[in-house]
Amino acid sequence: QVQLVESGGGLAQPGGSLRLSCAASGFTLDSYAIAWFRQAPGKEREGVSCISFSGSTVYADSVKGRFLISRDNAKNTVYLQMNSLKPEDTAVYYCATLRRSYSYSTVNWAAQYKYDYWGQGTQVTVSS
């Protein structure tokens, strides 16, 4: 069974850090581009970052310079290191796989129709 499982969410103070993990089971991640999305209360889900199978990365402007996406294919896991957290980073964070029919691109990478497998999400709350 194909599954993505996010973990690592929780409560952090403004300025703090968290590292999210996206672990795959039932398939190997190494040939997929993987993206992180987030959805804040009352807002639409938005793209945060994406990493290609070869390690190229792209970030939303709102997180550029603060977040770092990486992958460890040996562990079948993609990570999102979140630093200098702000209250506006509060959201449920999801990881997703780019459909095989699309190639990784920095253009329109956050279009959600391009992604097929999604995890259940992990809650991140940034508050003092």
Side-chain angles (χ1 to χ4, degrees):
Q1 181 181 0
V2 173
Q3 195 173 12
L4 292 174
V5 178
E6 302 95 338
S7 62
L11 177 64
Q13 292 190 336
S17 298
L18 285 173
R19 188 177 81 156
L20 305 184
S21 298
C22 171
S25 61
F27 70 108
T28 54
L29 284 178
D30 59 2
S31 60
Y32 284 88
I34 306 295
W36 285 96
F37 290 82
R38 68 184 181 186
Q39 187 167 20
K43 295 188 176 181
E44 293 186 354
R45 189 159 55 186
E46 63 177 3
V48 175
S49 182
C50 185
I51 186 167
S52 73
F53 70 89
S54 62
S56 298
T57 60
V58 61
Y59 297 90
D61 287 344
S62 59
V63 306
K64 203 172 294 184
R66 300 188 298 121
F67 290 11
L68 179 69
I69 191 171
S70 62
R71 63 192 306 152
D72 185 339
N73 290 335
K75 294 184 178 180
N76 218 26
T77 301
V78 171
Y79 303 98
L80 185 69
Q81 177 67 43
M82 306 188 296
N83 301 319
S84 302
L85 284 164
K86 304 176 180 180
E88 52 263 43
D89 294 319
T90 295
V92 178
Y93 284 71
Y94 303 87
C95 60
T97 56
L98 184 69
R99 294 180 189 273
R100 296 283 204 174
S101 54
Y102 291 100
S103 298
Y104 168 84
S105 172
T106 58
V107 177
N108 205 28
W109 62 271
Q112 296 179 44
Y113 65 85
K114 293 185 174 182
Y115 296 86
D116 46 10
Y117 299 123
W118 293 78
Q120 292 299 307
T122 185
Q123 175 71 48
V124 170
T125 303
V126 184
S127 174
S128 55

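What's counted below: heavy atoms across the whole structure, side chains too, no hydrogens, waters or symmetry copies. Remember, predicted model here, so these are calculated numbers, not experimental data.
- Under the disulfide bond (SG atoms under 2.5 Å apart) criterion, the residue pairs touching residues 52-128 are Cys22-Cys95, with sequence neighbours excluded.
- Residue pairs meeting the disulfide bond (SG atoms under 2.5 Å apart) criterion with at least one partner in residues 97-128, sequence neighbours excluded, are absent.
- Remark: Ser84 pairs with Arg66 by the side-chain contact (heavy atoms from CB on, under 4.5 Å) rule, at least two apart or across chains.
- Scored by the side-chain contact (heavy atoms from CB on, under 4.5 Å) test, Ala12 finds Leu18, Leu85 as partners (sequence neighbours excluded).
- In terms of the side-chain contact (heavy atoms from CB on, under 4.5 Å) criterion, residue partners of Ala74 (sequence neighbours excluded) are, by chain and number, Asp72.
- Contacts of Asn73 classified as side-chain hydrogen bond (donor to acceptor under 3.5 Å, both in side chains), with partners at least two apart in sequence or in another chain: Arg71.
- Taking the side-chain hydrogen bond (donor to acceptor under 3.5 Å, both in side chains) definition, one finds that Tyr94 meets it with nothing, sequence neighbours left out.
- The stretch residues 40-52 participates, sequence neighbours left out, in these side-chain hydrogen bond (donor to acceptor under 3.5 Å, both in side chains) pairs: Arg38-Glu46, Arg45-Gln112, Ser52-Ser54.
- Under the side-chain contact (heavy atoms from CB on, under 4.5 Å) criterion, Arg99 pairs with Ser101, Tyr102, Asp116, sequence neighbours left out.
- Every residue two or more places apart in sequence or in another chain was checked for a disulfide (SG to SG under 2.5 Å) with Cys50, and none qualifies.
- In this view, Lys64 and Asp61 satisfy the salt bridge (charged side-chain N to carboxylate O under 4.0 Å, His left out) rule, not counting sequence neighbours.
- Sorted by first and then second residue, the pairs that involve residues 117-128 and meet side-chain hydrogen bond (donor to acceptor under 3.5 Å, both in side chains), not counting sequence neighbours, are Gln123-Thr125.
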